[in-house]
Amino acid sequence: MYSRIFFRQLLLSLGLVLGWVRNVGADSVPIPHGKIELVAETGSIQPGHSFCVGLNFHLESGWHIYWINPGDAGEPPRLTWRLPAGISTKPIEWPVPTALPAFSDMDFGYQNQVLLLVPMMASAGVKAAPADIAADVKLIVCREVCIPGKAQVALSLPVTNRAAAPNLSVRELFDAARKQLPRSSPTVWKFKAASQKDSFRLTGTVGHPTTKAFFFPLEPSQIENAAPQTVQPTKGGFAMTLKKSEQLLKPIRDLKGVLLLGDRAYAITVPVQ
Amino acid sequence: MKRSILYSGTAFLIAVFLLPKLMQAARVGDTAPDFTATASDGRTYHLSDYKGKFVVLEWHNNGCPYTRKHYESGNMQRLQKEWTARGVVWFTVISSAPNTQGYVTASEENGYLAKMQAAPTAALLDPSGPLGHLYGAKTTPHMFIINPQGQLIYDGAIDDRATTDLSDVNGATNYVTVALQEAMAGKPVSTPATRPYGCSVKYGN
């Protein structure tokens, strides 16, 4: 098993060195109860332009990794990049997670498959040689129990002065992940948050009555993650009750998070009155 | 008849599945709720017997990688020894239900305490979870501190490095140490609540 992986790694390294293999991200690396691969959206990098890579997770049934706010347990994957001079990363773009009950807790994370998007920038002066992009990944994979893991992922992209062509083999993967990214809410929508004794009342005017709303908090210790979120329809939207976190001792300025409405996610920051 | 079964069935479901989530656990500043629990040493402990002392509650699961970080590095044992030597009562609490990770019999726990050279005042066995739910323990570890007046003064993580890496113990700000030092010096606790980090407490239904 290990020797086979080693052999593949060896072949791959040899391929990269000799320039046979370009843009190979498709080689997956094992993690506890799953595998990951680093993939690039384009087949090359153009100096002075941004590009995007993604960390693609596949998990065995029942196992999950975590969102940027993991909820009650666990922690998000942590990436340490190793990049050539002139290439820099921006923060991870996290698709909307799933609420995953675990015992009396509520975790926020991903099951089965997820692509974490990482936008990157190539400076105008980036060297015209294959760019080796690599990351050390630390993560924890949980089901009823949690298993920490580490992995190293890498890919190599040629640097050329032509506009980068899309890597067609991963287009659907990136498109699907982008659809799951929280977007800004339409400006005509209005949100309000009021602090009550043990809860926050979040109301939204979103153009139609709905009960299909769920709020994922971005800040820890604002709301009690596992408490049921009661949602009532209003004339133009919804009113939702979010129980305050047991670790919340002071008033908060904003309720900040991702609102899932039906199957669309919106990033919202709502001042608390 | 049928209806009353339905009602009592519904009440049962509410009690079993919703009560822990709806129940208001103690918040920092509140009086810490009293409890009675049996420890692995066979003795019964009442919180009310420890008025006048600082009491630390440490939620524990010996298989959880976050707990293991603090035991395999010796950090938790060091804290237990340091603070019990200064008169603090330290209860390790195990709320893992039977057949879940971290569940132990009394003798298994005594073996673990000896092997790890752990030094809590006692390890409280809470396999059906009432103590965990009473305090709203979410993770292992999850730490609570009660002052000599019986008031909850800290609720949250053991430190500020929410990872499983042993190397993160050094250099972390240990919230329990800071809170005990401040409270013993008669100062208010500067960080009285944080997001506890770790594995879910393996409560039974």
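Throughout, protein chains are lettered first and strands after them, A, B, ... in sequence-line order, and every chain is numbered starting at 1.
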Pairs satisfying side-chain hydrogen bond (donor to acceptor under 3.5 Å, both in side chains), at least one member in residues 251-266 of chain A, at least two apart:
none

Given the options B/P196, B/G156, B/C64, which has more heavy-atom pairs under 4.5 Å with chain A than any of the others?
B/P196

Please find out if less than 6.0 Å separates the ring center of B/H142 from that of B/Y135.
no

I need the residue from A/D107, A/D198, A/N225 with the largest number of non-hydrogen atom pairs under 4.5 Å to chain B.
A/D198

Looking only at heavy atoms, what is the nearest atom pair of A/K197 and A/K244, with distance?
O-NZ, 3.4 Å

Do you know which of B/T139, B/D155, B/V28 has the most heavy-atom pairs under 4.5 Å to chain A?
B/D155

B/N61 portion near chain A, given a 4.5 angstrom heavy-atom threshold
neither

Side-chain donor-acceptor pair present, A/Q229, A/T241, cut-off under 3.5 Å:
no

For B/E72, does the CD atom sit with more than 12 other heavy atoms under 6.0 Å from it, leaving out its own atoms?
yes

Determine the interplanar angle of the A/F238 and A/F191 rings, folded into 0 to 90°, and report it as parallel if under 30°, tilted if 30 to 60°, perpendicular if over 60°.
tilted

Please classify the contact of B/T163 with chain A as side chain, backbone, both or neither, using a heavy-atom distance under 4.5 Å.
both

How about A/C142 and B/C199: are their SG atoms under 2.5 Å apart?
no

Please list, in residue-number order, every residue in residues 68-84 of chain A that has a heavy atom less than 4.5 Å from any heavy atom of chain B; write 'none' if there are none.
A/P70, A/G71, A/D72, A/A73, A/G74, A/E75, A/R78

Heavy-atom proximity to chain B below 4.5 Å, by part of A/K138
side chain

Pick out which of B/F35, B/W90, B/F91 makes a ring pair (Phe, Tyr, Trp, His ring centres under 6.0 Å) with B/Y50.
B/F91

Which portion of B/V201 sits near chain A, non-hydrogen atoms under 4.5 angstrom:
backbone

Using a strict cut-off of less than 4.0 Å between a Lys/Arg side-chain nitrogen and an Asp/Glu carboxylate oxygen, indicate whether A/E219 and B/R195 qualify as a salt bridge.
no

